[in-house]
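Below is one structure; the comments refer to it alone.
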Amino acid sequence: MKQGQVEKLFEWLDETSTIVSEDMNVTYLEGLAEALDVLFNEKPFDDLDKRLQTKLTNRLTKVNKEEFEKEEVRKAVQLTILKGMKGATQQQHLITPDSVAMFMGYLASKLFEGKEELKLFDLASGSANLLTSVMNQLEMPLRAYASEVDPTLIQLAVANANLQKNNIEFFHQDSLRPFLIEPVDFVLADLPVGYYPDDVQASRYELKAEEGHSYAHHLFIEQGLNYTEEGGYLMFIVPNFLFDSDQSKALNAYLREHAHIVGMLQLSDSLFKDEKHGKSILILQKKGQETKPPKQALLVKLPSFKNPEAMADILAQMNQWFDEYKATQ
């Protein structure tokens with residue numbers, strides 16, 4: 001990946017998104033979704049104002065989408081989305097930090113090393129930065145699925161995946177409602193944290209609250225296990241307080257029955273403005289007839305990603321752990 005290429009595409013997307021948002025009187029993120037579609041299709045849509053069509057046609061002469069690698073596209077799109085989110089007021093307009101997304105790709109490559117084909121599903125895909133980052137690091141053939149309820153984010157996700165030439169089937173729906181897909185090998189998500197407002201839908205889950213609203217992040221974990229094959233893995237970004245909340249007793253009991261806890265990796269405090277907002281990466285395996293829990297779960301507090309020596313030391317220890325874990329499975 002060349003940083004100059006990332007900057008070149010970012011500048012094109014930024015300027016084009018601004019033109020679209022000003023001409024159509026829409027938000028910057030909505031303008032970005034339109035700009036991405038224009039770049040992918042290599043022409044503006046016919047339903048746009050003729051004056052805007054001319055501007056966009058002129059913009060297309062300044063860029064060639066084929067000159068950018070997948071990761072250059074992903075990074076440029078991510079930077080443009082981050083700029084747009086600075087002006088967005090909706091809390092769900094968040095993006096998984098790039099260093100975390102890349103690290104989860106590394107973990108996935110270790111879990112599925114040697115697998116000939118992989119089916120994966122992101123339950124809360126947002127703009128698809130996490131999913132495409134993981135996909136770009138996996139070398140086997142992939143079949144990917146993703147769900148997102150927010151209309152702007154799913155429009156960005158589809159355009160983002162198209163430009164990266166990543167084949168993903170998207171579901172625009174509430175991720176805690178049923179899906180028409182078979183169970184997959186790998187479920188991942190940066191879990192939305194908070195209460196789930198639909199008590200009727202929540203009542204269909206074992207992890208529903210006994211009274212009041214249920215925790216969305218608990219229900220997402222159960223939903224993930226619903227769509228994971230026996231022996232398959234799940235990887236979630238979760239709040240550090242996951243197992244210390246008022247509803248955690250039920251979560252602990254549920255996980256003991258349905259899953260093996262493979263690992264819990266606490267992310268560096270430097271990633272968060274306030275330590276109470278700190279998060280971890282939770283790795284689970286869905287129980288099956290032939291599955292076995294690890295002799296010892298992978299429990300790590302990660303150093304700052306900006307500290308290469310400390311990270312190299314941790315990665316060496318983790319590589320050894322994965323070798324031992326794989327040997328027992």
Side-chain angles (χ1 to χ4, degrees), residues 29-30 32-34 36-37 40-41 74 77-78 81 85 88 90-96 101 104-105 108 117-136 138 141-208 214-229 232-238 284 286:
L29 286 176
E30 290 168 320
L32 173 59
E34 190 75 34
L36 290 168
D37 282 336
F40 176 70
N41 291 296
R74 187 188 66 81
V77 172
Q78 181 207 31
I81 291 171
M85 286 180 178
Q90 291 171 274
Q91 191 178 3
Q92 69 266 37
H93 283 180
L94 300 171
I95 196 165
T96 306
M104 288 177 71
E117 184 183 9
L118 189 69
K119 293 179 292 182
L120 65 164
F121 182 17
D122 187 336
L123 276 174
S125 65
S127 61
N129 183 61
L130 172 59
L131 178 57
T132 55
S133 176
V134 171
M135 290 176 71
N136 291 349
L138 295 171
L142 303 171
R143 288 178 59 191
Y145 306 91
S147 175
E148 175 55 49
V149 70
D150 184 279
T152 302
L153 292 181
I154 198 164
Q155 191 179 355
L156 287 168
V158 171
N160 190 9
N162 284 341
L163 268 182
Q164 291 183 56
K165 300 178 182 175
N166 280 328
N167 190 8
I168 303 171
E169 183 177 339
F170 284 94
F171 297 89
H172 182 202
Q173 67 170 73
D174 177 346
S175 296
L176 294 175
R177 292 183 176 275
F179 292 95
L180 287 171
I181 64 169
E182 295 294 318
V184 300
D185 308 297
F186 182 36
V187 167
L188 70 159
D190 188 344
L191 294 185
V193 177
Y195 291 108
Y196 180 56
D198 189 340
D199 293 336
V200 175
Q201 185 62 26
S203 69
R204 297 176 169 88
Y205 286 82
E206 288 186 44
L207 288 173
K208 64 182 180 295
S214 305
Y215 282 138
H217 42 293
H218 289 194
L219 302 183
F220 267 86
I221 291 171
E222 182 175 338
Q223 180 76 320
L225 282 159
N226 290 339
Y227 287 94
T228 307
E229 292 182 343
Y233 290 93
L234 306 93
M235 195 184 301
F236 298 122
I237 298 176
V238 299
L284 303 172
K286 184 170 180 175

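This chain uses plain numbering: 1 for the first residue, then up along the sequence. Heavy-atom basis, side chains included; hydrogens, waters and symmetry copies ignored.
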Item checked: Audit row: Arg177, Asp198, side chain to side chain contact (heavy atoms under 4.5 Å, CB included) steps and yes/no -> CA-CA 10 Å; Arg177 292 183 176 275; Asp198 189 340; 2.8 Å; yes
Check: Where is the tightest heavy-atom contact between Ala124 and Ala189, given as atom of each residue plus distance?
Finding: N-CB, 4.1 Å
Check: Just by distance, with hydrogens left out, do Asn160 and Arg74 show a side-chain donor and acceptor under 3.5 Å apart?
Finding: no
Check: Taking all atoms of both residues into account, what is the closest heavy-atom pair of Val149 and His172, and its distance?
Finding: O-NE2, 3.0 Å
Next item on the list: Evaluate side chain to side chain donor-acceptor pair (under 3.5 Å) for Gln164 paired with Asn136, printing each intermediate quantity in order.
Entry: CA-CA 9 Å; Gln164 291 183 56; Asn136 291 349; 3.0 Å; yes
Next item on the list: In sequence, state the C-alpha distance, the side-chain angles, and the governing distance for Tyr196 and Asp174, and then conclude on side chain to side chain contact (heavy atoms under 4.5 Å, CB included).
Entry: CA-CA 11 Å; Tyr196 180 56; Asp174 177 346; 2.5 Å; yes
Notebook entry, point to check: Can a donor-acceptor pair be found between the side chains of Tyr205 and Asn226 at a distance below 3.5 Å?
Noted result: no
Checklist line | Side chain Lys286, main chain Leu225, donor-acceptor under 3.5 Å | finding: yes
Notebook entry, point to check: How long is the gap from CZ on Phe171 to CZ on Phe179, to the nearest 0.5 Å?
Noted result: 7.0 Å
Margin query: Measuring from atom CZ of Phe186 to atom CG of Leu234, what distance do you get when rounded to the nearest 0.5 angstrom?
Written below: 8.0 Å
Notebook entry, point to check: Where is the tightest heavy-atom contact between Glu222 and Glu206, given as atom of each residue plus distance?
Noted result: OE2-N, 2.8 Å
Note to self: Please determine whether the number of non-hydrogen atoms from other residues, nucleotides or ligands lying under 6.0 Å from atom CG of Asn167 exceeds 12.
What the structure shows: no
Check: Quick one: side chain to side chain donor-acceptor pair (under 3.5 Å) pairs with a partner in residues 178-195, sequence neighbours left out?
Finding: Thr96-Asp190
Check: To the nearest 0.5 Å, how far apart are CG in Asp122 and CG in Leu188?
Finding: 4.5 Å
Notebook entry, point to check: For the residue pair Ser147 and Phe121, what are the closest heavy atoms and their distance?
Noted result: N-CE1, 4.0 Å
Note to self: Give me the atom names and distance for the closest heavy-atom approach of Tyr145 to Leu131.
What the structure shows: O-CD2, 4.0 Å
Next item on the list: Apply side chain to side chain contact (heavy atoms under 4.5 Å, CB included) to Asn129 and Ile81, showing your working.
Entry: CA-CA 10 Å; Asn129 183 61; Ile81 291 171; over 6 Å; no
Next item on the list: Kindly write out the residues that satisfy side-chain hydrogen bond (donor to acceptor under 3.5 Å, both in side chains) with Tyr227, not counting sequence neighbours, or none if the list is empty.
Entry: none
Check: side chain to side chain contact (heavy atoms under 4.5 Å, CB included) between Leu120 and Val184: does it pass, once the steps are laid out?
Finding: CA-CA 6 Å; Leu120 65 164; Val184 300; 5.8 Å; no
Check: Could you give the distance from CG (Leu219) to OG (Ser175), rounded to the nearest 0.5 Å?
Finding: 11.5 Å
Next item on the list: Taking Gln155 for its side chain and Glu34 for its backbone only, find out whether a donor-acceptor pair lies under 3.5 Å.
Entry: no
